[in-house]
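The chains referred to below are lettered A, B, ... by the order of the sequence lines, with proteins before strands, and numbering in each begins at 1.
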Amino acid sequence: MALDPILLSRLQFAFVVSFHAIFPVFTIGLASYVAVLQGLYVATGNAVWDRLGYFWTKIFAVVFGIGVVSGIVMAFQFGTNWSNFVRFAANIIGPLLSYEVITAFFLEAGFLGVLLFGRHRVSPSVHFFAALMVAVGTFISAFWILVSNSWMQTPQGFEIREGVAHVTSWMEAMFTPSFPYRFAHMALAAFLTGGFVVCGVSAWFLIRGRDVEAHRRALSMTLWLLLILAPLQAFVGDEHGLDTLEHQPMKVAAMEGNWDTQSNVPLLLFALPDRELQANRMEIGIPNGASLILRHDPNGVVPGLKEIPESQQPPVWMVFYSFRVMVAMGLLMIAFALAGLFLRKGGRLYTSRFYLRGLQFMSLAPFLAVLSGWFVTEIGRSPWLVYNVLSYKDAVTPSLSGWMVLVTLIGYITVYAVIFVSGVYYLFKVIRQGLDELDPDEEIHDADRPARPLSATHVPFDGHTSASRS
Amino acid sequence: MQMFDLSLIWAVIIAVGVIMYVLMDGFDLGLGILFPFAPDEDARDVMMNSVAPVWDGNETWLILGGAGLIGAFPLVYTILLPALYLGVFLMLAGLIFRGVAFEFRFKSHRSKRYWSLSFAGGSFLAAFAQGCVVGAYIQGFETANGVYVGGALDWLTPFTILTGFGLVVGYALLGATWLVLKSEGHVRDWARALVPKLLLGVLAVFAIVSLWTPWIDQGVFDRWFDHLQVIWLLPGGALLCALGIFLCNRHGREGAAFLLTLGLFVCTYLGLIVSRWPYVVPPKITLWDAASAPESQFFLLIGMLFVLPIVLVYTAWSYWVFRGKVRVGEGYH
């Protein structure tokens with residue numbers, strides 16, 4: 001098989017973005033959680049909130065550190081592999097991405113130092129304020145990224161002159177039809193990710209009987225939150241789907257595995273979509289289900305993939321299965337949040353080993369959901385990089401040859417594997433160490449540094465002594 | 001909007017951003033390059049501690065430059081990055097390994113030497129790749145209709161390899177004078193003894209590049225020898241800085257030696273800009289050709305004008321907080 005620079009570039013972008021994305025989605029949720037804990041400490045004066053805040057700040061620091069390092073690559077990916085896209089869209093995408101750097105990064109960098117090292121140097125309220133600002137910074141970052149991505153999904157507010165997009169209205173270009181749904185869906189996903197990780201880690205400590213009092217509180221408050229957010233996410237996801245049906249109907253057709261535009265479309269639970277056959281080879285579904293969900297009418301007409309030529313259809317099976325993985329994870333999350341409510345009634349929430357073990361595994365569910373959801377939306381717009389405006393073929397860097405992309409793809413995988421393994425290994429070390437007693441002396445050695453996330457952890461990478469602080 | 005030449009304003013902002021990056025990440029990359037030659041582990045700890053609080057902020061200028069380039073001069077971005085494809089990858093890989101080493105080296109025992117290696121190797125790789133970019137920029141890029149049409153390895157020639165090593169030595173010099181300023185005892189003595197050697201290396205590369213460049217590009221040759229004799233102030237200034245570094249280093253004027261090294265870089269950088277002005281993608285594309293739409297440049301400029309001063313103040317403040325010498329065995333950690 002000849003090396004196809006377009007396919008390989010897509011793989012490379014997918015790899016780099018997927019790898020990077022799991023860290024921000026985690027830190028956005030976690031930053032808010034830390035801010036809540038520090039806020040509770042200010043409001044109640046109860047030191048247990050501060051101890052929990054300190055513990056989760058350390059975890060936040062490690063994840064944020066890996067996210068920052070892996071994020072450097074993102075700023076260059078557009079130019080190296082998709083230079084014709086940048087050439088076409090720079091007038092719009094350029095300022096948006098730059099605004100992310102200058103508004104979000106500045107806020108994060110400015111207050112990260114105080115959040116990580118200021119615990120004993122500023123008052124609890126100022127420290128809480130710093131935590132709040134870091135959380136706001138992560139949201140501003142997500143805002144700009146989703147503004148850019150939504151413009152690529154549902155572009156508007158521009159005109160094309162001499163093959164280059166020019167902005168006609170910044171308001172329209174920034175707030176495209178899919179943006180509100182996308183942003184709400186992503187924000188909830190970030191909270192769910194943070195929430196389920198907090199539950200999983202708390203469960204781990206409860207099973208081992210360590211710092212039971214503190215982790216009970218953490219588990220309890222987070223489960224209440226998830227009880228609201230998990231079903232809310234299903235609702236927002238549904239709204240997002242309806243918006244997608246309006247603006248990107250072929251993406252929805254791929255999600256549903258629906259080939260013919262017809263009424264009474266079943267909701268497929270399982271199928272083997274085959275693009276060459278232009279049909280599914282096997283189907284198990286609920287009659288009229290898809291029509292009911294998408295049109296709120298069992299006789300509703302749902303568009304099918306055959307409306308467009310095969311060459312313009314996305315790889316259906318990938319979208320179809322990714323969507324099902326996402327929905328399955330979402331349903332599992334709702335189930336676990338509800339199960340928590342029932343166990344609470346019987347007073348067995350903190351003792352049911354079966355449930356607590358389940359929660360540990362559930363830490364992974366939101367990551368799976370985010371990645372598969374991201375696959376749905378990104379692969380689903382294939383072959384368009386800017387929907388209905390610019391295809392992959394026209395967006396790729398013309399001078400690229402397959403071997404260049406392959407070499408760098410292998411390179412990025414290697415580099416990220418090293419970071420990922422050492423990062424996750426270290427993360428587990430930090431978690432295992434648990435809630436340590438606050439040692440005021442420890443921080444005196446640290447002046448207010450700007451942005452050294454991992455310095456805040458004080459956990460050795462290997463070995464057991466704490467003499468690593470040179 | 002017609003009253004101002006927005007593209008010119010942006011050219012100045014980006015040029016300032018690039019030199020800020022080169023100067024600031026320059027000395028901390030330089031420390032990584034000197035890492036393997038350090039006399040002992042204590043010296044290595046001091047070296048890393050001397051930049052630990054600020055290196056992350058230093059590197060931000062690179063991101064700012066990259067994003068600003070898409071917003072203001074997309075054509076530069078879309079030609080340079082494909083042309084330097086493999087070099088960009090090497091630089092990023094280097095910066096990542098180095099960034100992770102910063103975080104983990106202080107926390108490790110058994111694996112410490114791997115993180116040291118990762119720090120040194122990453123720094124060298126990033127510096128070398130950046131030096132090659134400078135060389136490739138002097139060389140020029142093969143374009144047609146604003147698209148790069150050259151090969152994958154055009155950026156890697158004997159000339160760019162020379163400039164690659166040139167920047168490695170230059171960053172090492174920056175790192176050494178910084179270390180003299182920030183350390184004491186045997187670490188400072190070691191760094192101080194290195195300065196004259198590295199300076200000699202920099203001057204040698206400087207001389208060869210100056211002699212070689214006219215053969216590579218007639219335009220540069222013409223500019224230097226025909227129209228604009230005032231240009232000669234720049235290499236003159238660079239040579240004066242070099243002499244100053246040598247003397248100040250000898251007489252223990254640490255701060256002056258470091259500032260003069262910064263001056264040496266600024267003179268060389270200005271020399272490069274003046275030689276190629278107003279071409280941002282030599283030999284054909286000017287900064288006005290490469291500019292994005294005025295409304296996009298204007299939209300972004302508003303934000304930049306608010307934020308850039310704050311970033312500068314914040315950066316200056318963090319350097320102020322961490323002023324003074326780093327002692328063996330008691331860094332900021």
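For A/Trp82, no part lies under 4.5 angstrom from a heavy atom of chain B. Residue contact with chain A, scored on non-hydrogen atoms closer than 4.5 Å, is absent for B/Leu69. At a 4.5 Å heavy-atom cutoff, the contact between B/Leu92 and chain A is made by side-chain atoms alone. Proximity to chain A (any heavy atom under 4.5 Å) is shown, for B/Met304, by both the backbone and the side chain. If you measure heavy-atom distances from B/Leu75 to chain A, the contacts under 4.5 Å come from the side chain alone. B/Phe306 does not touch chain A: none of its heavy atoms, backbone or side chain, sits under 4.5 Å away.
Between A/Ser422 and B/Trp115, the closest side-chain pair of non-hydrogen atoms falls below 4.5 Å. For the pair B/Phe89 and A/Phe76, the minimum side-chain heavy-atom distance is 4.5 Å or more. A 4.5 Å side-chain heavy-atom check between B/Thr78 and A/Asn84 finds every atom pair outside the cut-off.
Separation of atoms NZ (B/Lys107) and OH (A/Tyr426) is listed at 4.0 Å; rounding is to 0.5 Å. Here CG of B/Leu86 is found 10.0 Å from OG1 of A/Thr80. Values are rounded to the nearest 0.5 Å. The line from CD1 of A/Ile72 to CE of B/Met91 is 8.5 Å long, rounded to the nearest 0.5 Å. Atom CG of residue A/Leu96 and atom CG of residue B/Leu300 lie 9.5 Å apart, to the nearest 0.5 angstrom. Rounding to the nearest 0.5 Å places OG of A/Ser83 at 9.0 Å from CD1 of B/Ile79. B/Ile96 CD1 to A/Ile66 CD1: the interatomic distance, rounded to the nearest 0.5 Å, is 12.0 Å.
Note: B/Gly146 leads B/Ala93, B/Gly146, B/Ala83, B/Gly66 in heavy-atom pairs under 4.5 Å with chain A.
Sparse packing is recorded around CZ of A/Phe420, with 12 or fewer heavy atoms of other residues, nucleotides or ligands lying under 6.0 Å away. Atom CZ of A/Phe428 has 12 or fewer heavy atoms from other residues, nucleotides or ligands within 6.0 Å.
In this structure, the side chain of A/Arg87 does not engage the main chain of B/Val147 through any donor-acceptor pair within 3.5 Å. Side-chain N or O atoms of B/Ser296 include one that pairs as donor or acceptor with a backbone N or O of A/Asn91 at under 3.5 Å. No side-chain donor-acceptor contact under 3.5 Å links A/Ser399 to the backbone of B/Val149. B/Tyr85 places no side-chain N or O within donor-acceptor distance of the main-chain N or O of A/Leu400, the cut-off being under 3.5 Å.
Ring-centre distance between B/Phe299 and A/Tyr99: below the 6.0 Å cut-off.
The heavy-atom pair separating B/Ala152 from A/Trp403 by the smallest distance is CB-CZ2, 3.8 Å. Summarising the geometry of B/Ala67 relative to A/Val101, their closest heavy-atom pair is CB-CG2, 3.9 Å, with the distance given to 0.1 Å.
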